[in-house]
Amino acid sequence: MSATPSISQVDSPTSKTLELIPPLLGASVSELTAWVQQQGQPAYRGKQLHDWIYHKQVRSLADISVFPKQWRAEVADIPIGRSTIHYRKTAPDGTVKYLLQLADGQIVETVGIPAERRLTVCVSTQVGCPMACDFCATGKGGYTRNLGRHEIIDQVLTVQEDFQERVSNVVFMGMGEPLLNVDNVLGAITSLNQDVGIGQRMLTVSTVGIRDRIRQFAQHHLQVTLAVSLHAPNQVLREQLIPSARSYPLEDLLAECREYVIITGRRLTFEYVLLAGVNDLPEHALELAKHLRGFQSHVNLIPYNPIQEVDYQRPKHDRIQAFVNVLQQQNIAVTVRYSRGLEADAACGQLRVNKK
Ligand code: SAH
(Lines give C-alpha, C1' and ligand atoms only; values in the text may rest on other atoms or scores of the structure.)
Protein backbone atom coordinates (compact mmCIF):
# COMPACT_ATOMS: atom_id res chain seq x y z
CA MET A 1 0.00 0.00 0.00
CA SER A 2 1.25 3.47 -0.76
CA ALA A 3 0.81 6.37 1.65
CA THR A 4 -1.02 8.41 -0.95
CA PRO A 5 -3.75 10.30 0.91
CA SER A 6 -7.24 9.73 -0.41
CA ILE A 7 -9.09 12.69 -1.86
CA SER A 8 -11.25 13.10 1.23
CA GLN A 9 -8.19 13.32 3.43
CA VAL A 10 -6.63 15.86 1.13
CA ASP A 11 -9.79 17.93 0.96
CA SER A 12 -10.84 17.87 4.57
CA PRO A 13 -9.52 20.80 6.58
CA THR A 14 -9.93 18.78 9.77
CA SER A 15 -7.82 15.84 8.68
CA LYS A 16 -4.23 15.60 9.77
CA THR A 17 -1.65 15.79 7.04
CA LEU A 18 -0.32 12.30 6.52
CA GLU A 19 3.38 11.77 6.54
CA LEU A 20 4.62 12.43 3.04
CA ILE A 21 6.66 9.64 1.56
CA PRO A 22 8.51 10.57 -1.66
CA PRO A 23 8.09 10.78 -4.62
CA LEU A 24 6.96 14.32 -3.89
CA LEU A 25 4.86 14.87 -7.03
CA GLY A 26 1.19 14.86 -6.06
CA ALA A 27 1.75 16.50 -2.67
CA SER A 28 -0.11 19.69 -1.77
CA VAL A 29 1.47 22.94 -0.51
CA SER A 30 0.63 22.02 3.08
CA GLU A 31 2.10 18.52 2.74
CA LEU A 32 5.26 19.94 1.19
CA THR A 33 5.47 22.57 3.91
CA ALA A 34 5.22 19.93 6.62
CA TRP A 35 7.85 17.92 4.78
CA VAL A 36 10.42 20.75 4.51
CA GLN A 37 9.90 21.54 8.20
CA GLN A 38 10.60 17.90 9.06
CA GLN A 39 13.85 18.38 7.18
CA GLY A 40 14.70 21.33 9.46
CA GLN A 41 13.90 24.01 6.88
CA PRO A 42 11.69 27.08 7.33
CA ALA A 43 8.02 26.72 6.35
CA TYR A 44 8.20 29.13 3.39
CA ARG A 45 10.41 26.65 1.55
CA GLY A 46 7.29 24.48 1.15
CA LYS A 47 5.67 27.06 -1.13
CA GLN A 48 8.93 27.40 -3.05
CA LEU A 49 9.19 23.64 -3.47
CA HIS A 50 5.58 23.51 -4.70
CA ASP A 51 6.27 26.21 -7.26
CA TRP A 52 9.42 24.50 -8.53
CA ILE A 53 7.78 21.08 -8.79
CA TYR A 54 4.52 22.11 -10.46
CA HIS A 55 5.29 25.35 -12.28
CA LYS A 56 9.01 25.37 -13.00
CA GLN A 57 8.72 21.60 -13.51
CA VAL A 58 12.11 20.84 -12.02
CA ARG A 59 13.23 17.20 -12.25
CA SER A 60 15.67 17.09 -9.36
CA LEU A 61 15.72 18.81 -5.98
CA ALA A 62 19.39 19.54 -6.67
CA ASP A 63 18.29 22.04 -9.33
CA ILE A 64 16.18 24.24 -7.06
CA SER A 65 18.49 27.23 -7.04
CA VAL A 66 16.63 29.13 -4.33
CA PHE A 67 17.48 26.40 -1.82
CA PRO A 68 20.68 26.53 0.24
CA LYS A 69 23.51 24.65 -1.46
CA GLN A 70 24.18 22.29 1.39
CA TRP A 71 20.55 21.23 1.76
CA ARG A 72 20.25 20.75 -2.01
CA ALA A 73 23.12 18.30 -1.85
CA GLU A 74 21.49 16.43 1.06
CA VAL A 75 18.14 15.99 -0.68
CA ALA A 76 19.46 15.54 -4.22
CA ASP A 77 18.51 11.87 -4.35
CA ILE A 78 14.97 12.24 -3.02
CA PRO A 79 12.75 11.54 -6.01
CA ILE A 80 10.28 14.09 -7.31
CA GLY A 81 8.69 11.35 -9.38
CA ARG A 82 9.29 12.41 -12.99
CA SER A 83 9.58 9.96 -15.87
CA THR A 84 11.93 10.17 -18.85
CA ILE A 85 10.84 10.29 -22.48
CA HIS A 86 11.80 6.95 -24.01
CA TYR A 87 10.26 7.58 -27.41
CA ARG A 88 8.29 10.37 -29.07
CA LYS A 89 6.44 10.41 -32.38
CA THR A 90 4.43 13.18 -34.03
CA ALA A 91 1.46 12.34 -36.27
CA PRO A 92 0.68 14.54 -39.31
CA ASP A 93 -2.22 16.11 -37.39
CA GLY A 94 0.18 17.34 -34.68
CA THR A 95 -0.77 14.72 -32.11
CA VAL A 96 2.29 13.51 -30.23
CA LYS A 97 2.61 10.02 -28.81
CA TYR A 98 5.09 9.48 -25.98
CA LEU A 99 6.41 6.32 -24.42
CA LEU A 100 7.50 7.29 -20.92
CA GLN A 101 9.90 5.28 -18.84
CA LEU A 102 9.03 5.03 -15.16
CA ALA A 103 11.41 4.63 -12.20
CA ASP A 104 11.12 0.82 -12.28
CA GLY A 105 11.76 0.67 -16.03
CA GLN A 106 8.13 0.10 -17.00
CA ILE A 107 6.87 2.00 -20.01
CA VAL A 108 3.52 3.77 -20.38
CA GLU A 109 1.99 5.67 -23.21
CA THR A 110 0.74 9.27 -23.12
CA VAL A 111 -0.71 11.34 -25.95
CA GLY A 112 -0.62 15.12 -26.40
CA ILE A 113 -3.41 16.44 -28.60
CA PRO A 114 -3.12 20.09 -29.65
CA ALA A 115 -6.06 22.08 -30.97
CA GLU A 116 -6.78 25.75 -31.32
CA ARG A 117 -6.44 27.29 -27.85
CA ARG A 118 -6.48 23.82 -26.30
CA LEU A 119 -3.94 21.22 -25.38
CA THR A 120 -5.39 17.90 -24.26
CA VAL A 121 -3.41 15.11 -22.64
CA CYS A 122 -4.63 11.53 -22.75
CA VAL A 123 -3.17 9.85 -19.67
CA SER A 124 -2.69 6.21 -18.79
CA THR A 125 -3.72 4.94 -15.35
CA GLN A 126 -2.20 1.46 -15.46
CA VAL A 127 0.75 -0.29 -17.12
CA GLY A 128 -1.30 -2.43 -19.52
CA CYS A 129 -4.92 -3.28 -18.76
CA PRO A 130 -6.65 -6.38 -17.38
CA MET A 131 -10.03 -5.77 -19.05
CA ALA A 132 -9.08 -7.36 -22.42
CA CYS A 133 -11.76 -5.70 -24.55
CA ASP A 134 -11.63 -7.44 -27.90
CA PHE A 135 -11.12 -4.35 -30.07
CA CYS A 136 -8.47 -2.63 -27.91
CA ALA A 137 -4.71 -3.00 -28.39
CA THR A 138 -3.87 -2.23 -24.77
CA GLY A 139 -5.79 -5.23 -23.47
CA LYS A 140 -3.95 -7.56 -25.86
CA GLY A 141 -0.71 -6.93 -24.01
CA GLY A 142 -2.00 -7.92 -20.57
CA TYR A 143 -1.69 -6.07 -17.29
CA THR A 144 1.37 -5.24 -15.20
CA ARG A 145 0.49 -2.77 -12.44
CA ASN A 146 -1.38 0.33 -11.36
CA LEU A 147 0.26 3.70 -11.84
CA GLY A 148 0.99 5.80 -8.78
CA ARG A 149 -0.57 9.21 -8.40
CA HIS A 150 2.74 10.90 -9.27
CA GLU A 151 3.05 8.80 -12.45
CA ILE A 152 -0.32 10.07 -13.67
CA ILE A 153 0.46 13.73 -12.90
CA ASP A 154 3.91 13.37 -14.46
CA GLN A 155 2.34 12.57 -17.84
CA VAL A 156 0.58 15.94 -17.84
CA LEU A 157 3.71 17.85 -16.82
CA THR A 158 5.74 16.04 -19.48
CA VAL A 159 3.38 17.08 -22.28
CA GLN A 160 3.18 20.62 -20.89
CA GLU A 161 6.95 20.88 -20.89
CA ASP A 162 7.38 19.34 -24.34
CA PHE A 163 4.78 21.58 -25.99
CA GLN A 164 5.91 24.63 -23.97
CA GLU A 165 2.24 25.32 -23.49
CA ARG A 166 -0.22 24.95 -20.63
CA VAL A 167 -2.33 21.82 -20.68
CA SER A 168 -6.01 22.77 -20.72
CA ASN A 169 -7.73 19.35 -20.69
CA VAL A 170 -6.91 15.89 -19.40
CA VAL A 171 -8.74 12.73 -20.46
CA PHE A 172 -8.14 9.55 -18.49
CA MET A 173 -8.43 7.46 -21.65
CA GLY A 174 -4.96 6.05 -22.11
CA MET A 175 -3.82 2.60 -21.10
CA GLY A 176 -5.68 0.99 -18.23
CA GLU A 177 -8.99 1.06 -16.42
CA PRO A 178 -9.15 4.12 -14.12
CA LEU A 179 -11.76 2.67 -11.77
CA LEU A 180 -9.43 -0.22 -10.93
CA ASN A 181 -6.98 2.39 -9.59
CA VAL A 182 -9.41 4.70 -7.84
CA ASP A 183 -7.24 6.13 -5.04
CA ASN A 184 -4.44 7.18 -7.34
CA VAL A 185 -6.84 8.51 -9.96
CA LEU A 186 -8.66 10.58 -7.32
CA GLY A 187 -5.33 11.75 -5.91
CA ALA A 188 -4.18 12.76 -9.40
CA ILE A 189 -7.45 14.63 -10.04
CA THR A 190 -7.05 16.60 -6.80
CA SER A 191 -3.47 17.50 -7.59
CA LEU A 192 -4.06 18.33 -11.27
CA ASN A 193 -6.79 20.63 -10.07
CA GLN A 194 -5.20 22.23 -7.01
CA ASP A 195 -1.47 22.04 -7.74
CA VAL A 196 -1.20 22.09 -11.54
CA GLY A 197 -4.21 24.41 -11.83
CA ILE A 198 -6.45 22.63 -14.32
CA GLY A 199 -10.20 23.10 -13.74
CA GLN A 200 -12.07 19.95 -12.75
CA ARG A 201 -14.50 20.54 -15.61
CA MET A 202 -11.59 20.12 -17.99
CA LEU A 203 -11.02 16.54 -16.79
CA THR A 204 -12.74 13.41 -18.15
CA VAL A 205 -12.49 9.93 -16.69
CA SER A 206 -13.43 7.04 -18.98
CA THR A 207 -14.43 3.65 -17.61
CA VAL A 208 -15.66 0.37 -18.98
CA GLY A 209 -17.71 0.08 -15.77
CA ILE A 210 -16.64 -1.75 -12.62
CA ARG A 211 -19.41 -2.84 -10.24
CA ASP A 212 -20.07 -0.30 -7.43
CA ARG A 213 -17.20 1.94 -8.47
CA ILE A 214 -19.29 4.41 -10.50
CA ARG A 215 -21.50 5.00 -7.46
CA GLN A 216 -18.43 5.42 -5.26
CA PHE A 217 -16.94 7.84 -7.76
CA ALA A 218 -20.20 9.83 -7.74
CA GLN A 219 -20.04 10.18 -3.98
CA HIS A 220 -16.95 12.38 -4.28
CA HIS A 221 -19.11 15.01 -6.03
CA LEU A 222 -16.37 16.03 -8.42
CA GLN A 223 -16.99 18.28 -11.39
CA VAL A 224 -15.13 15.99 -13.76
CA THR A 225 -16.96 14.35 -16.65
CA LEU A 226 -17.53 10.62 -16.45
CA ALA A 227 -17.51 8.70 -19.73
CA VAL A 228 -18.77 5.12 -19.76
CA SER A 229 -17.71 2.74 -22.52
CA LEU A 230 -20.96 1.06 -23.53
CA HIS A 231 -20.13 -0.14 -27.06
CA ALA A 232 -23.19 -2.38 -27.40
CA PRO A 233 -26.95 -1.92 -27.00
CA ASN A 234 -27.61 -5.36 -25.50
CA GLN A 235 -26.03 -7.86 -23.15
CA VAL A 236 -25.29 -10.56 -25.76
CA LEU A 237 -23.30 -8.24 -27.98
CA ARG A 238 -21.59 -6.48 -25.09
CA GLU A 239 -20.34 -9.76 -23.70
CA GLN A 240 -18.79 -10.61 -27.05
CA LEU A 241 -16.78 -7.40 -27.04
CA ILE A 242 -16.08 -6.87 -23.34
CA PRO A 243 -15.28 -9.94 -21.20
CA SER A 244 -16.06 -8.18 -17.90
CA ALA A 245 -19.66 -7.65 -19.05
CA ARG A 246 -20.33 -11.29 -18.16
CA SER A 247 -20.07 -10.60 -14.46
CA TYR A 248 -21.42 -7.05 -14.65
CA PRO A 249 -24.43 -7.07 -16.97
CA LEU A 250 -25.53 -4.09 -19.03
CA GLU A 251 -28.73 -3.61 -16.99
CA ASP A 252 -26.74 -3.31 -13.76
CA LEU A 253 -24.26 -0.94 -15.35
CA LEU A 254 -27.02 1.31 -16.68
CA ALA A 255 -28.75 1.27 -13.28
CA GLU A 256 -25.54 2.42 -11.62
CA CYS A 257 -25.13 5.13 -14.26
CA ARG A 258 -28.63 6.37 -13.43
CA GLU A 259 -27.59 6.56 -9.78
CA TYR A 260 -24.54 8.56 -10.83
CA VAL A 261 -26.77 11.14 -12.50
CA ILE A 262 -29.03 11.34 -9.43
CA ILE A 263 -26.15 11.64 -6.95
CA THR A 264 -24.11 14.18 -8.94
CA GLY A 265 -26.78 16.00 -10.94
CA ARG A 266 -24.31 15.73 -13.83
CA ARG A 267 -24.91 14.31 -17.23
CA LEU A 268 -22.64 11.52 -18.33
CA THR A 269 -21.14 10.50 -21.63
CA PHE A 270 -21.60 7.08 -23.20
CA GLU A 271 -18.84 5.99 -25.53
CA TYR A 272 -19.71 3.65 -28.35
CA VAL A 273 -17.01 2.32 -30.67
CA LEU A 274 -18.51 1.69 -34.12
CA LEU A 275 -17.49 -1.68 -35.58
CA ALA A 276 -18.74 -2.32 -39.13
CA GLY A 277 -21.39 -5.02 -39.31
CA VAL A 278 -21.05 -5.76 -35.59
CA ASN A 279 -22.77 -2.98 -33.62
CA ASP A 280 -23.37 -0.25 -36.22
CA LEU A 281 -26.75 -1.24 -37.73
CA PRO A 282 -29.81 1.03 -37.48
CA GLU A 283 -31.49 -1.53 -35.20
CA HIS A 284 -28.53 -1.24 -32.81
CA ALA A 285 -29.01 2.52 -32.76
CA LEU A 286 -32.72 2.07 -32.00
CA GLU A 287 -32.00 -0.38 -29.21
CA LEU A 288 -29.41 1.99 -27.75
CA ALA A 289 -31.87 4.88 -27.93
CA LYS A 290 -34.46 2.87 -25.97
CA HIS A 291 -32.01 2.48 -23.08
CA LEU A 292 -31.03 6.13 -23.09
CA ARG A 293 -34.37 7.87 -23.57
CA GLY A 294 -34.79 10.42 -20.78
CA PHE A 295 -31.32 9.64 -19.49
CA GLN A 296 -29.26 12.77 -18.82
CA SER A 297 -26.50 11.73 -21.14
CA HIS A 298 -24.64 12.24 -24.37
CA VAL A 299 -23.44 9.60 -26.81
CA ASN A 300 -19.94 9.79 -28.20
CA LEU A 301 -19.52 7.56 -31.24
CA ILE A 302 -15.93 6.50 -31.90
CA PRO A 303 -15.37 5.02 -35.35
CA TYR A 304 -13.09 2.01 -34.80
CA ASN A 305 -9.33 2.58 -35.07
CA PRO A 306 -7.67 -0.48 -36.54
CA ILE A 307 -5.37 -2.68 -34.48
CA GLN A 308 -3.25 -5.62 -35.66
CA GLU A 309 -4.73 -8.49 -33.70
CA VAL A 310 -8.35 -8.42 -34.85
CA ASP A 311 -10.05 -7.80 -38.15
CA TYR A 312 -12.85 -5.43 -37.23
CA GLN A 313 -13.50 -2.69 -39.75
CA ARG A 314 -14.37 0.96 -39.38
CA PRO A 315 -17.85 1.56 -40.85
CA LYS A 316 -18.17 3.63 -44.02
CA HIS A 317 -19.17 7.24 -43.58
CA ASP A 318 -22.81 6.78 -44.66
CA ARG A 319 -23.28 3.95 -42.15
CA ILE A 320 -21.97 6.19 -39.38
CA GLN A 321 -24.30 8.96 -40.50
CA ALA A 322 -27.27 6.58 -40.58
CA PHE A 323 -26.51 5.55 -36.97
CA VAL A 324 -26.34 9.23 -35.96
CA ASN A 325 -29.64 9.94 -37.73
CA VAL A 326 -31.49 7.20 -35.85
CA LEU A 327 -30.23 8.48 -32.50
CA GLN A 328 -31.13 12.06 -33.37
CA GLN A 329 -34.62 11.06 -34.48
CA GLN A 330 -34.98 9.51 -31.03
CA ASN A 331 -33.84 12.77 -29.40
CA ILE A 332 -30.55 11.35 -28.17
CA ALA A 333 -27.67 13.85 -28.03
CA VAL A 334 -24.84 12.45 -30.11
CA THR A 335 -21.45 13.42 -31.52
CA VAL A 336 -19.00 11.47 -33.65
CA ARG A 337 -15.45 11.60 -32.37
CA TYR A 338 -12.86 10.80 -34.97
CA SER A 339 -9.75 10.02 -32.96
CA ARG A 340 -6.64 12.06 -33.51
CA GLY A 341 -3.18 10.61 -33.98
CA LEU A 342 -4.19 7.59 -36.06
CA GLU A 343 -0.99 7.63 -38.14
CA ALA A 344 1.21 7.50 -35.03
CA ASP A 345 -0.82 4.64 -33.52
CA ALA A 346 -1.80 7.14 -30.86
CA ALA A 347 -5.57 7.02 -31.35
CA CYS A 348 -8.14 5.50 -28.98
CA GLY A 349 -7.57 1.81 -28.55
CA GLN A 350 -4.21 1.81 -30.31
CA LEU A 351 -2.08 2.39 -27.25
CA ARG A 352 0.43 -0.29 -26.62
CA VAL A 353 4.04 -0.27 -25.63
CA ASN A 354 5.72 -0.45 -29.00
CA LYS A 355 7.42 2.06 -31.20
CA LYS A 356 5.51 1.35 -34.35
N1 SAH B 1 -10.50 1.68 -19.79
C2 SAH B 1 -11.19 2.89 -20.14
C3 SAH B 1 -10.35 3.79 -21.07
C4 SAH B 1 -10.12 3.14 -22.39
S5 SAH B 1 -9.63 4.05 -23.81
C6 SAH B 1 -12.51 2.56 -20.81
O7 SAH B 1 -12.73 1.41 -21.14
O8 SAH B 1 -13.32 3.44 -20.98
C9 SAH B 1 -10.89 5.15 -24.22
C10 SAH B 1 -11.94 4.66 -25.21
O11 SAH B 1 -11.38 4.12 -26.43
C12 SAH B 1 -12.82 3.56 -24.61
O13 SAH B 1 -14.16 3.85 -24.86
C14 SAH B 1 -12.37 2.37 -25.41
O15 SAH B 1 -13.31 1.34 -25.42
C16 SAH B 1 -12.12 2.97 -26.77
N17 SAH B 1 -11.39 2.11 -27.68
C18 SAH B 1 -10.65 1.02 -27.36
N19 SAH B 1 -10.15 0.44 -28.48
C20 SAH B 1 -10.58 1.19 -29.53
C21 SAH B 1 -10.36 1.12 -30.94
N22 SAH B 1 -9.60 0.19 -31.48
N23 SAH B 1 -10.96 2.06 -31.69
C24 SAH B 1 -11.70 3.04 -31.15
N25 SAH B 1 -11.92 3.17 -29.83
C26 SAH B 1 -11.37 2.25 -29.02
Side-chain angles (χ1 to χ4, degrees), residues 1-86 88 98 100-106 108 110 112 119 121 123 147-168 170 183-184 186-199:
M1 278 297 294
S2 80
T4 305
S6 75
I7 200 160
S8 51
Q9 288 166 315
V10 172
D11 276 352
S12 161
T14 55
S15 71
K16 289 198 204 88
T17 306
L18 298 180
E19 194 197 341
L20 175 60
I21 298 174
L24 301 180
L25 190 57
S28 63
V29 178
S30 57
E31 288 171 310
L32 291 173
T33 302
W35 186 77
V36 296
Q37 287 179 303
Q38 274 164 22
Q39 311 285 318
Q41 294 294 317
Y44 70 88
R45 298 239 180 262
K47 177 82 188 66
Q48 290 178 324
L49 180 56
H50 187 269
D51 187 44
W52 280 74
I53 289 177
Y54 294 103
H55 301 120
K56 297 200 168 64
Q57 306 196 166
V58 76
R59 286 173 175 275
S60 162
L61 295 185
D63 296 334
I64 303 184
S65 56
V66 291
F67 284 173
K69 260 208 174 105
Q70 195 195 331
W71 188 49
R72 270 157 69 187
E74 279 168 30
V75 294
D77 292 336
I78 292 177
I80 289 177
R82 299 299 311 271
S83 66
T84 52
I85 298 179
H86 176 69
R88 179 187 187 285
Y98 305 86
L100 303 182
Q101 183 153 32
L102 309 174
D104 64 353
Q106 294 291 337
V108 279
T110 301
L119 175 58
V121 181
V123 295
L147 292 186
R149 172 179 69 161
H150 65 284
E151 291 169 326
I152 301 173
I153 302 161
D154 164 74
Q155 298 173 57
V156 175
L157 296 186
T158 296
V159 173
Q160 192 153 275
E161 193 177 358
D162 190 47
F163 274 79
Q164 293 284 302
E165 188 183 326
R166 281 187 70 81
V167 166
S168 58
V170 178
D183 282 356
N184 290 323
L186 290 174
I189 287 172
T190 304
S191 180
L192 288 173
N193 181 222
Q194 296 178 3
D195 304 311
V196 182
I198 303 172

S.K.: Any chance you could lay out the side chain to side chain contact (heavy atoms under 4.5 Å, CB included) test for Leu100 and Thr84, step after step, and finish with the verdict?
M.R.: CA-CA 6 Å; Leu100 303 182; Thr84 52; over 6 Å; no
S.K.: Hey, what do you get for OG1 (Thr158) to CD (Gln57), rounding to the nearest 0.5 Å?
M.R.: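 One finds 8.0 Å between OG1 of Thr158 and CD of Gln57.
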S.K.: What is the minimum heavy-atom distance between Tyr54 and Leu157, and which atoms define it?
M.R.: O-CD2, 4.1 Å
S.K.: To check you understand the geometry: which heavy-atom pair defines the closest contact between Ala27 and Asp195, and what is its length?
M.R.: O-OD2, 3.6 Å
S.K.: Does Asp77 have any side-chain contact (heavy atoms from CB on, under 4.5 Å) partners at least two apart in sequence or in another chain, and if so, which?
M.R.: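 With neighbours one apart ignored, the set is empty.
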S.K.: Output side-chain donor-acceptor pairs under 3.5 Å for residues 59-68, partner residues at least two apart or in another chain, one line each.
M.R.:
unit_1: Arg59; atom_1: NH1; unit_2: Ser83; atom_2: O; d: 2.7
unit_1: Arg59; atom_1: NH2; unit_2: Glu161; atom_2: OE1; d: 3.1
unit_1: Ser60; atom_1: OG; unit_2: Ala62; atom_2: N; d: 3.0

S.K.: Looking at residues at least two apart in the chain, or sitting in another chain, which of them share a side-chain contact (heavy atoms from CB on, under 4.5 Å) with Glu74?
M.R.: Gln70, Trp71
S.K.: Report the residues that fulfil side-chain contact (heavy atoms from CB on, under 4.5 Å) with Asn193, sequence neighbours left out, ordered by chain and then residue number.
M.R.: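 Counting only residues at least two positions away or on another chain, Asn193 forms a side-chain contact (heavy atoms from CB on, under 4.5 Å) with Gln200.
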S.K.: Provide the closest heavy-atom pair for Pro23 versus Gly81 in the form atom of the first, atom of the second, distance.
M.R.: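 Heavy atoms only, the tightest pair is CB-CA, 3.6 Å.
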S.K.: So, does Gln160 use its side chain to make a donor-acceptor pair with the main chain of Val167 at under 3.5 Å?
M.R.: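 Judged by distance alone, yes, a pair lies under 3.5 Å.
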S.K.: Let me confirm one number: the CD-CD distance from Gln106 to Glu151, rounded to the nearest 0.5 Å.
M.R.: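 It is 9.5 Å, given to the nearest 0.5 Å.
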S.K.: Hey, is the main chain of Leu119 close enough, under 3.5 Å, to the side chain of Ser168 for a donor-acceptor pair?
M.R.: yes
S.K.: Looking only at heavy atoms, what is the nearest atom pair of Leu147 and Asn184, with distance?
M.R.: O-ND2, 3.1 Å
S.K.: Just to verify, what does Ala43 make a side-chain contact (heavy atoms from CB on, under 4.5 Å) with, not counting sequence neighbours?
M.R.: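 Checked Ala43 against side-chain contact (heavy atoms from CB on, under 4.5 Å); matches are Thr33, Gln37.
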S.K.: Using salt bridge (charged side-chain N to carboxylate O under 4.0 Å, His left out) as the criterion, list what pairs up with Asp162, not counting sequence neighbours.
M.R.: Arg88
